[in-house]
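Read the structure below first, then the notes.
In the text below, chain A, chain B and the rest are named by the order of the sequence lines, each starting its count at 1. Hydrogens, waters and symmetry mates play no part in the numbers below; they use all other heavy atoms, side chains included. From a predicted model like this one, the values you see are computed outputs, not experimental measurements.
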There are 2 protein chains.
Amino acid sequence: MGIRVVPAAALNHASDEKIGALTDIVGFHIRLAHVAVYRHFTETFSDLGLTQKQVSVLWLVDDRPGIAQIDVGQHLQMDRATTMTIVNRLQAREYIRRERSEIDGRKQALYLTDDGRMALDKAKTCISQHEAWLKGRFTPAEIEKLVEMLSRIHE
Amino acid sequence: MGIRVVPAAALNHASDEKIGALTDIVGFHIRLAHVAVYRHFTETFSDLGLTQKQVSVLWLVDDRPGIAQIDVGQHLQMDRATTMTIVNRLQAREYIRRERSEIDGRKQALYLTDDGRMALDKAKTCISQHEAWLKGRFTPAEIEKLVEMLSRIHE
DNA sequence: GCGTAATCGTTAGTGGAGCATACAATCCCG
DNA sequence: CGGGATTGTATGCTCCACTAACGATTACGC
């Protein structure tokens, strides 16, 4: 995330040759794919009123009850402030409960409420539909390859 | 992925359709990859002060001078209102010029200013570095496959 | 132990982006 | 010519990401 050695190829590319079409840019396709997925997601979830991030947080807290906010952020690639706003929203809807950690007084331990668990259950069935829509484009082998390649990007 | 201390909850949502870990969700990986790319992008572009969207619009307008806003939005998967705000920002910085289309009075024809063209040139060299950072993870064949699969999602 | 550094949560502010709605101008077609 | 569709615009809302600061707590070095 900090300084990075730029391969010579990139410098050559930048100096002599013009970059071709916008569609040659890998990052461009990732963004478009994300937008398409995001759009379909919000359609599927229009009645639940939950976003990708919010569901991810619910899911994670359900998996690891008592997880601290900082760890939620780390798993979902968010900073502390962003995690705060999302947890705030979920707490306002009484899907999540905050408790001061007994082990480490700096941390908040997060737990799902019963409402939160019900919302997550509904969300998971919606996600099934959403994933089916997405996976329908690929063979199982392709899905595996895609996930593996995407993982290489986000480490 | 760690210890699961909630077999009860797990049994609950196992009832309809069994969804495993969050990391099994393809959409989840797409979002994480997008966040990682977005983050690196903004770092690379911190001094230029341009976002992905803004560069995409500049690029597109340069490729097709006189393009209408509605067509920009269509190519980049944005609605009219969103396109507006981005073009507004670029116009405020005098990177883009609006002209009423002579062919269709409803449309605005968009053109790059000289400043806009210089900014785009700078942006393209930055993108070279950014793409090198991204492509460094893959073989050429993998890149081709990745782009093809992502296109299946957003096309 | 004690003081300093690091960590975590919190608050406040900034900015980009997406969406819905409403309205005016313009075009197209019957 | 007139009604419906298209395009740009304005307004307002939500969400997400980041920064900077602060207090509380913990961890570390001596």
Side-chain angles (χ1 to χ4, degrees), chain A residues 1 31-32 34-46 48-57 66-93 96-110 154, chain B residues 31-32 34-46 48-58 66-93 96-110 154:
Chain A
M1 209 156 283
R31 199 165 53 66
L32 282 190
H34 173 253
V35 169
V37 168
Y38 181 80
R39 192 132 45 197
H40 182 268
F41 188 97
T42 54
E43 284 170 16
T44 311
F45 276 71
S46 56
L48 264 175
L50 289 172
T51 67
Q52 288 179 317
K53 288 273 171 195
Q54 291 168 0
V55 172
S56 297
V57 170
I67 190 174
Q69 285 183 191
I70 191 77
D71 295 322
V72 171
Q74 194 173 353
H75 277 86
L76 303 181
Q77 313 253 28
M78 308 182 294
D79 66 1
R80 286 176 297 158
T82 304
T83 306
M84 268 292 302
T85 67
I86 294 176
V87 172
N88 281 348
R89 266 190 282 273
L90 291 173
Q91 190 184 31
R93 294 171 67 166
I96 273 188
R97 202 174 74 242
R98 277 179 166 112
E99 285 181 17
R100 189 130 228 127
S101 169
E102 296 178 357
I103 304 161
D104 188 335
R106 293 169 301 184
K107 297 185 179 180
Q108 292 277 29
L110 302 180
H154 69 250
Chain B
R31 198 165 56 64
L32 282 191
H34 172 254
V35 168
V37 169
Y38 180 80
R39 191 132 46 195
H40 182 268
F41 188 96
T42 54
E43 282 170 18
T44 312
F45 277 71
S46 56
L48 264 174
L50 289 171
T51 67
Q52 289 179 317
K53 287 273 170 194
Q54 291 168 0
V55 172
S56 296
V57 170
L58 286 180
I67 190 174
Q69 285 183 187
I70 190 78
D71 296 321
V72 171
Q74 195 173 352
H75 277 87
L76 303 181
Q77 313 253 26
M78 307 182 294
D79 67 0
R80 286 177 297 154
T82 303
T83 306
M84 267 290 301
T85 66
I86 294 176
V87 172
N88 281 349
R89 266 191 280 272
L90 291 172
Q91 191 185 30
R93 294 171 67 167
I96 272 189
R97 203 172 74 241
R98 278 181 166 109
E99 284 183 16
R100 188 131 227 126
S101 168
E102 296 177 356
I103 305 160
D104 187 335
R106 294 169 300 183
K107 296 186 179 181
Q108 293 276 27
L110 302 180
H154 71 246

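Checking each of B:Gln108, B:Arg106, B:Arg100 against B:Asp104 for a side chain to side chain donor-acceptor pair (under 3.5 Å) leaves exactly one that passes, namely B:Arg106. When A:Val57, A:Ile96, A:Leu76 are each tested for a side chain to side chain contact (heavy atoms under 4.5 Å, CB included) with A:Ile86, only one passes: A:Val57.
Using a distance-only test at 3.5 Å, with no hydrogens or angles considered, no donor-acceptor pair links the side chain of B:Arg98 to the main chain of B:Gln91.
A sub-4.0 Å separation between OP1 or OP2 of D:dA24 and a side-chain N or O of A:Lys107 is absent. Dashed line: the shortest gap from a side-chain N or O of A:Thr51 to OP1 or OP2 of D:dC16 is under 4.0 Å. Between A:Arg39 and C:dG18 there is no side-chain polar atom (N or O) within less than 4.0 angstrom of OP1 or OP2. For A:Gln69, a side-chain nitrogen or oxygen approaches OP1 or OP2 of C:dT10 to under 4.0 Å. A sub-4.0 Å separation between OP1 or OP2 of D:dC16 and a side-chain N or O of A:Gln52 is absent. At the phosphate of D:dC16, OP1 or OP2 sits under 4.0 Å from a side-chain N or O atom of A:Arg89.
A straight line from CD1 of A:Ile67 to P of C:dG9 spans 10 Å, rounded to a whole angstrom. Between the CG atom of A:Leu50 and the P atom of D:dT14 there is a distance of 16 Å, rounded to whole Å. Counting to the nearest Å, the P atom of C:dG18 and the CD atom of B:Gln74 are 16 Å from each other. Nucleotide D:dG4 holds its P atom 16 Å from the CZ atom of B:Arg106, rounded to whole Å. One atom, NE2 of A:His34, and another, P of D:dA17, lie 8 Å apart when rounded to the nearest Å. One atom, NE2 of B:His40, and another, P of D:dC18, lie 14 Å apart when rounded to the nearest Å. The CD1 atom of A:Ile70 sits 14 Å away from the C1' atom of D:dT25 (whole-angstrom rounding). Atoms CG (B:Asp79) and P (D:dT7) sit 13 Å apart, rounded to a whole Å.
Where B:Thr82 and B:Arg100 each meet DNA chain C at their nearest nucleotide, the meeting point lying more 5' is that of B:Thr82. Between A:Tyr38 and A:Glu102, it is A:Tyr38 whose nearest contact on DNA chain D lies nearer the 5' terminus.
Around CD of A:Glu43, the count of heavy atoms belonging to other residues, nucleotides or ligands within 6.0 Å exceeds 12. Other residues, nucleotides and ligands contribute only 12 or fewer heavy atoms inside 6.0 Å of the CD atom of A:Gln74.
At the heavy-atom level, A:Arg31 lies nowhere under 4.0 Å from the strands shown. Among the heavy atoms of the strands lying under 4.0 Å from A:Asp104 are primed sugar atoms or P, OP1, OP2 only; no base atom is included.
Proximity of B:Val72 to B:Leu110: side-chain heavy atoms (C-beta onward) are separated by under 4.5 Å at one or more points.
Taking the side chain of B:Met78 as heavy atoms from C-beta on, and the options C:dG18, D:dA10, C:dG9, the nearest nucleotide is C:dG18. For A:Ala81, counting side-chain heavy atoms from C-beta on, the closest listed nucleotide (D:dT19, D:dA17, D:dG8) is D:dT19.
Interface remark: the A:Arg80 side chain does form a donor-acceptor pair with the C:dG9 base, using a distance-only criterion of under 3.5 Å.
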